[in-house]
Amino acid sequence: MGPGTAFLDHRSLLGDLPEAEWYEANIPFVDLPDAAIQDTYYYRWRVIKHALKYTGPREGWIFSEFLGPVGYSAPYGGINAAAAHHIREARWLRDHRYLDDYITYWLRGSGSGPKPATDFLNKNTTDWAHQYSFWVADAVVARASTDGRWEYALGLLDALERQWMRWAPQFDAEVGLYWQTPVWDAMEYTASSYQSDDPYHGGEGFRPTLNAYQYGDAKAIAALLRRRGHRGDEAKAARYDERARALQVQQERWLWDEEDQFYKHVMRDGNPGRRRLADRELIGFLPWYFHMAPAGNAAAWAQLRDPEGFAAPFGPTTVERRSPWFMYQALEGCCRWNGPSWPFATSQTLTALANLLIDYPAQPYVDRTDYYAVLRAYALTQRKDGKPYVAEAHHPDEDRWIYDSRGHSEDYNHSTFNDLVLSGLLGIRSQPDDTVFLAPLVPREWDHFAVENLPYHGHNLSVLFDRSGRHYGHGAGLSVWLNGRRIHRQAGLEPVRVTIGRARQHSLPREVDDLANVEQKGFPLARASYTFPLDSPAKAIDGQNLHLDTPSSRWTNYGSPNAVDWLAVDFGVPTPVSDLRISFYDDGGGVRTPDSYELHYLGRDGSWHPLPGQHRIPRTPRPGTLNRVLLDRAVTTTALRLTATRASGGAVGVTAWQSWRTEDPRLVLAVKTPSHGFVPVVPGRAVKVTATITATATAVVSSQLLVPDGWQVLPRRPVRPITLRAGKTLSVDWWVTAPADLPRLLPQPLRLLVRSRGEGAERFVSSIVALAQAG
């Protein structure tokens with residue numbers, strides 16, 4: 001974490017959230033006079049933690065929208081509809097690796113890969129990153145403005161430009177705007193689509209959604225180009241600015257309704273006069289999200305407070321109440337965005353409102369009391385049975401979720417909330433330079449609030465407001481602390497820009513979990529002596545860590561007839577283990593935290609042996625605490641076995657079991673394979689297997705090829721440590737003999753293992769797995 005302040009009682013604020021250490025290491029803590037907003041704030045960090053999914057060493061981390069998989073998602077369960085929300089929300093986490101992996105997944109990884117162009121998956125687009133409308137460049141710049149890691153953002157410029165350009169098929173040159181089908185704005189059954197011949201897939205039109213997204217992304221790309229400053233970047237940035245300005249002009253011409261003072265949907269088909277729909281939809285506030293709307297259009301915001309507009313006790317509504325389509329069929333089943341309160345749109349509207357109140361000239365239509373009122377209503381919407389909860393859509397006038405299916409909608413990660421608290425309510429406005437701009441929108445009657453150790457530009461930023469000076473005991477007024485030292489103090493809450501100095505660059509190591517098998521295919525393979533029928537051993541290594549009753553992401557032995565049960569994982573190939581982490585599942589009822597556990601590895605003699613040299617944190621399991629086991633020396637094995645017991649003999653469970661190692665970021669490993677992706681082997685005969693190691697910086701490397709039990713491997717030449725210069729590639733060959741009885745078409749793992757040293761005493765173990773198959 002680095003140096004910071006310790007004004008707040010973090011454990012008390014976290015309450016009973018499992019694995020409090022993760023939150024302590026990652027999140028900014030807040031103390032607010034409003035319990036509803038504060039409770040929701042900490043709950044929504046749990047939503048983010050639950051949404052984290054480790055996909056494996058190739059792609060790393062992504063954020064899921066649903067905790068369980070759905071049939072229309074990209075590889076590993078990614079859905080780009082709310083991905084920009086995920087980026088804006090998670091930009092406040094201290095560990096940058098989560099978003100680094102996630103953004104790369106959408107721009108260069110399998111999230112940018114091809115998808116079928118079908119009605120089910122969007123017939124208008126051919127890659128996953130364009131399945132739904134997506135404002136990724138704007139989110140990337142918002143993230144870089146928060147963590148100060150501009151080099152990472154600049155390294156994405158080519159991919160961001162490609163993402164922007166690939167919306168070209170949906171650009172209408174005559175109108176000068178993009179068109180979109182409402183369902184691919186993640187909005188099936190809208191007031192606009194109901195006025196077409198296909199309420200689900202119809203209603204193509206020019207909308208304030210994709211046009212605002214493309215405007216925001218064009219401005220973001222221009223800003224990145226100017227920051228990079230290569231030859232020709234200024235001219236290219238000017239072209240993106242011009243494209244953004246042209247979109248702005250045409251949006252004012254076609255989508256702004258001067259009489260109704262609102263941005264509206266314009267049907268693309270059967271509408272030669274480009275007539276706007278009569279209905280105001282909540283998407284009409286989106287231009288303010290990207291500072292696209294001119295100041296003179298602020299009258300639109302009167303509709304947010306209007307009881308015939310979008311106002312609702314659990315709102316805002318997704319279409320105005322005046323519309324004849326308001327709540328039409330909305331209670332007949334999911335999913336209709338013609339009235340229900342939708343967190344996705346509510347969070348966009350509140351971001352836009354904060355921009356209006358902080359960045360635009362004063363206007364008479366809305367003020368900070370409206371921001372607070374809508375944010376508080378949004379917090380109270382996120383309740384079920386009196387506890388914090390977020391699902392898909394809520395009734396605008398009644399305290400109940402209307403789209404909320406068991407095993408599907410829990411912790412529905414489709415919106416922001418904490419970003420609205422930090423950047424809106426508390427007014428912490430991230431800046432691209434060495435400053436932070438503070439413009440709180442808190443109610444004027446609040447006498448105190450605090451945000452502590454917020455990760456900002458590599459520093460820990462704390463902001464305290466204490467009207468009397470008695471609540472926190474650190475003086476009256478507003479004070480700003482940087483890395484534990486006060487750097488600013490003022491009497492009131494007027495906006496202020498505070499210089500914090502240059503961003504600190506903290507590069508965290510690349511870590512890989514060798515136990516993860518998110519697709520639950522092949523190896524690693526989990527099995528158990530007994531499993532409760534609704535659970536699965538495979539879910540203990542599925543890349544997720546869910547402390548939830550539903551959906552199930554765990555193994556338990558609930559109902560077992562055995563006195564003791566075990567959970568084992570077969571790597572399929574020798575694998576080094578040195579840093580094991582176990583999250584035990586505890587439902588407070590029949591499955592509880594074990595009193596003790598044992599870890600064994602499978603030896604070459606085929607017997608199980610205790611893992612030697614264990615250092616356990618904590619020494620014995622505690623409810624809600626991650627169990628970490630560090631070994632004095634790495635043990636290379638083909639399998640691990642966990643036996644957990646309770647003195648009472650009751651059931652135990654595991655929601656996540658991981659085996660982490662630190663890889664060398666300077667090395668790129670590969671095993672050569674034909675186009676079908678499998679290393680060809682011949683049962684009973686030696687075949688040559690070639691691997692390559694490429695260094696981006698000079699490193700001393702030593703390589704090894706590990707094969708399954710019963711196989712043989714010999715290097716073609718003696719293998720010894722070698723200094724590999726920057727930019728050079730080392731090619732290494734082995735003779736590999738598969739067993740004579742190896743079944744054909746049954747893939748088996750081969751592990752390329754490379755040990756290397758860092759500049760100091762740091763040691764890395766890098767590895768990749770390739771699949772071998774007899775044809």
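Counting all heavy atoms, side chain and backbone alike, A51 lies closest to N413 at CB-ND2, 3.3 Å. Across P388 and D39, no two heavy atoms sit closer than the pair CG-O, 4.2 Å. Shortest non-hydrogen contact noted between A298 and L356 is CB-CD1, 4.3 Å. Contact between V374 and P316 at its shortest, heavy atoms only, is CG1-CD, 4.0 Å. The minimum heavy-atom distance linking P28 with W45 is given by the pair CD-CZ2, 4.1 Å. V480 approaches V498 most closely through the heavy-atom pair CG2-CG2, 4.4 Å.
With 3.5 Å as the limit, one finds no donor-acceptor pair spanning the side chains of S145 and Q431. A side-chain donor-acceptor contact under 3.5 Å links E252 and Y263. Under the 3.5 Å distance criterion, with hydrogens and angles disregarded, a donor-acceptor pair is assigned to the side chains of D411 and Y43. Looking only at atom types and distance, the side chain of Y105 has no donor-acceptor partner in the side chain of E59 under 3.5 Å away. Side chains of D466 and H448: no donor on one and acceptor on the other come within 3.5 Å. Judged purely by distance below 3.5 Å, without hydrogens or angles, the side chains of D185 and T209 pair a donor atom with an acceptor atom. Side-chain contact of D419 with W92: a donor-acceptor pair under 3.5 Å is present, judged by distance alone. Inspection of the N453 and R94 side chains reveals no N or O donor paired with an N or O acceptor under 3.5 Å. A donor-acceptor pair shorter than 3.5 Å can be found between the side chains of D359 and H291. A donor atom on one side chain and an acceptor atom on the other are found under 3.5 Å apart for T146 and R91. A side-chain donor from one of Y152 and T104 sits under 3.5 Å from a side-chain acceptor of the other. Inspection of the N355 and R429 side chains reveals an N or O donor paired with an N or O acceptor under 3.5 Å.
Ion pairing between a basic and an acidic side chain is recognised when a charged N comes within 4.0 Å of a carboxylate O; E242 and R239 show no such pairing.
Aromatic ring centres of F310 and F285: separated by under 6.0 Å. Not less than 6.0 angstrom separates the ring centroid of F290 from the ring centroid of Y215. Remark: aromatic rings of H85 and W135 are close, center separation under 6.0 Å. In this structure, the ring of W288 has its center less than 6.0 angstrom from the ring center of W301. Taking the six-membered ring where the residue is Trp, the centroids of W254 and F206 are separated by 6.0 Å or more. Aromatic rings of F344 and H414 (six-membered ring for Trp) have centroids within the 6.0 Å cut-off, being under it. Ring centroids of Y54 and W660 are separated by less than 6.0 Å, placing the two rings close together.
Relative orientation of the W164 and Y178 rings is perpendicular, given thresholds of 30° and 60° on the angle between their planes. Using the six-membered ring where Trp is involved, H10 and F29 have ring planes that are parallel, under 30° apart on the 30 and 60° scheme.
Side-chain contact check for L425 versus L420: every heavy-atom pair is 4.5 Å or farther apart. Using a 4.5 Å heavy-atom cutoff, the side chains of T5 and H474 are not in contact. Considering only heavy atoms from C-beta on, T125 stays 4.5 Å or farther from R166 through its side chain. Residues W22 and I27 meet the side-chain proximity criterion, which asks for heavy atoms closer than 4.5 Å. W184 is not listed as a side-chain neighbour of Q170, based on a closest heavy-atom distance of 4.5 Å or more. Residues F63 and I87 form no side-chain contact, since every pair of their non-hydrogen atoms from C-beta on lies 4.5 Å or further apart.
Remark: the backbone N or O of A129 is paired with a side-chain donor or acceptor of Q163 at under 3.5 angstrom. Of the possible donor and acceptor atoms, none in the side chain of Q251 sits under 3.5 Å from a partner among the backbone N and O of A246. Not a single donor-acceptor pair under 3.5 Å links the side chain of N211 to the backbone N or O of L177.
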**OP:** Show the numbers, then the answer: is there a side chain to side chain contact (heavy atoms under 4.5 Å, CB included) between L441 and Y372?
**Re:** CA-CA 8 Å; L441 296 176; Y372 175 64; over 6 Å; no
Original post:
Would H457 and S430 satisfy side chain to side chain contact (heavy atoms under 4.5 Å, CB included), going step by step from the backbone distance to the final call?
Top reply: CA-CA 9 Å; H457 290 205; S430 300; 5.6 Å; no
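Taking CD from E19 and CD from E24, the interatomic distance works out to 14.0 Å, rounded to the nearest 0.5 Å. Here the CZ atom belonging to R368 is positioned 11.5 Å from the CG atom belonging to D370, to the nearest 0.5 angstrom.
Partners of F417 under the ring-ring contact (aromatic ring centres under 6.0 Å, His included) rule, at least two apart in sequence or in another chain, are Y378. Taking the ring-ring contact (aromatic ring centres under 6.0 Å, His included) definition, one finds that Y371 meets it with nothing, sequence neighbours left out.
Legend: salt bridge (Lys or Arg N to Asp or Glu O under 4.0 Å) pairs involving residues 153-163, not counting sequence neighbours, sorted by first then second residue: R108-D158, E161-K236. For the salt bridge (Lys or Arg N to Asp or Glu O under 4.0 Å) condition, the pairs that include at least one residue of residues 485-510, sequence neighbours left out, are R510-E663. For the salt bridge (Lys or Arg N to Asp or Glu O under 4.0 Å) condition, the pairs that include at least one residue of residues 213-229, sequence neighbours left out, are K219-D241, R226-E234, R226-D241, R228-D233. For residues 141-153, every residue pair satisfying the salt bridge (Lys or Arg N to Asp or Glu O under 4.0 Å) rule, not counting sequence neighbours, is listed here: D100-R143, D100-R149, R143-D147, D147-R149.
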